[in-house]
Amino acid sequence: ASAGDRRLALRRTAAPPAASTDERALSAGGGAAGEPPPSPLLTAAASGDAAAAVALAHSTDSAEAAAALVAAARLGRAEVVTALHAAGVGGAASGGGALHAASLHGHAAAVEALLAAGFEGVDAVDAEGRTPLWLASQQGHEGVVDRLLAAGAAVGAASSAGESALLVATLGGHEAAVQTLLEASASAEAADKAGWRPLLRACQRGHEGIVRMLLEVGVDLQATTLRDGLTALHVACRDGHTSVARALLSAGAALEQSD
């Protein structure tokens, strides 16, 4: 099958993002456990009432208005995002936070609304050095990954720990996201600070489908972790992933590491 056919099949198996307990509470007008209820503005933004959110935003401080924009993005309220931006709420800073929120929770329509509104910060980083693309990749939101890449997101951006979007998508076993990132020329050899590369992580977790994707694009079969000097074959055998080990051997992995 072609890469495009594989992407279509993988997309069909992807489940929609589930709302967290706090998100459901905010949508219903309540606060998280042990916290006071949200303000009327946050409630309006979370419930998708764009007209009320805009009216309330004009009578509150900019910090709360920006928080409402982020809340709307986190809950996928694309119409509220568009309305708040049209009303002059937010800016590059809050836009970056909103884009992180929408990307993390897999709300493609909200991501589209933020991008269409012209917010800067497609490669903005959070406190841990993670971009919106990184977060979407970690969670396996392939549709969001695709939209961010189309908007010019840096495919190779890494977190403060040196983990690339491809590496964390691999860790999670998110085949559709991995395929999309590879097609966007993500480096299959980019390692984190401990020397773990996508192939090594895929072998560790037993993600055979991703192992085969990486073998198809061509990777260093003898690359090792920094601490223990383990190759992909060592990792697969150690962790009991027999079919992965067989795939590596078929691809030419050596039983012994050369000096």
Side-chain angles (χ1 to χ4, degrees), residues 16-139 141 143-154 157 159 165:
S20 68
T21 301
D22 288 353
E23 288 174 336
R24 290 193 294 270
L26 185 56
S27 293
E35 296 182 1
S39 69
L41 172 55
L42 284 174
T43 300
S47 66
D49 190 338
V54 169
L56 291 164
H58 284 306
S59 60
T60 190
D61 61 72
S62 59
E64 185 175 350
L69 177 64
V70 173
R74 186 173 72 248
L75 293 168
R77 309 303 190 200
E79 69 282 4
V80 177
V81 169
T82 300
L84 288 173
H85 175 262
V89 173
S94 60
L99 193 57
H100 276 82
S103 300
L104 174 65
H105 294 282
H107 298 305
V111 168
E112 287 279 16
L114 287 162
L115 294 173
F119 281 113
E120 298 178 5
V122 69
D123 286 325
V125 297
D126 64 12
E128 296 178 43
R130 304 173 301 183
T131 64
L133 177 65
W134 194 102
L135 293 172
S137 300
Q138 182 195 44
Q139 299 300 315
H141 301 313
V144 174
V145 169
D146 201 42
R147 285 164 173 78
L148 291 169
L149 289 170
S159 69

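Any value given below was found using the heavy atoms of this structure, including those in side chains, with hydrogens, waters and symmetry copies removed. Since the structure is predicted, the reported quantities are computational estimates derived from the model, not experimental observations.
Atom OG of Ser103 sits about 8.0 Å away from atom CG of Leu114, to the nearest 0.5 Å. With rounding to the nearest 0.5 angstrom, the CG atom of Leu133 is 10.5 Å from the CG atom of Asp146.
The salt bridge (Lys or Arg N to Asp or Glu O under 4.0 Å) contacts involving residues 52-61 comprise nothing, where partners must be two or more places apart or lie in separate chains. Among pairs with a residue in residues 62-86, those fulfilling ring-ring contact (aromatic ring centres under 6.0 Å, His included) read His85-Phe119, at least two apart in sequence or across chains. Here salt bridge (Lys or Arg N to Asp or Glu O under 4.0 Å) pairs that include residues 105-117, with residues two or more places apart or in two chains, are Glu112-Arg147.
Minimum heavy-atom separation, Leu41 to Ala65: CD2-CA, 3.9 Å. Listed here is the closest heavy atom pair of Ala72 and Val80: CB-CG1, 3.7 Å. The two residues Ser159 and Trp134 have their closest heavy-atom pair at CB-NE1, 3.7 Å. Residues Ser47 and Arg77 approach most closely at C-NE, 4.0 Å, considering heavy atoms.
Partners of Ala154 under the side chain to side chain contact (heavy atoms under 4.5 Å, CB included) rule, at least two apart in sequence or in another chain, are Asp123, Ala157. Every residue two or more places apart in sequence or in another chain that forms a salt bridge (charged side-chain N to carboxylate O under 4.0 Å, His left out) with Arg130 is listed here: Asp126, Glu128. In this structure Ala110 satisfies the side chain to side chain contact (heavy atoms under 4.5 Å, CB included) test together with Ala102, His107, sequence neighbours excluded.
Taking 4.5 Å as the limit, every side-chain heavy atom of Leu135 sits out of range of all side-chain heavy atoms of Val144.
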May I have the list of side-chain donor-acceptor pairs in residues 48-60 shorter than 3.5 Å, sequence neighbours left out?
| unit_1 | atom_1 | unit_2 | atom_2 | d |
| --- | --- | --- | --- | --- |
| Asp49 | OD1 | Ala52 | N | 3.1 |
| Ser59 | OG | Leu56 | O | 3.0 |
| Thr60 | OG1 | Glu64 | OE1 | 2.9 |

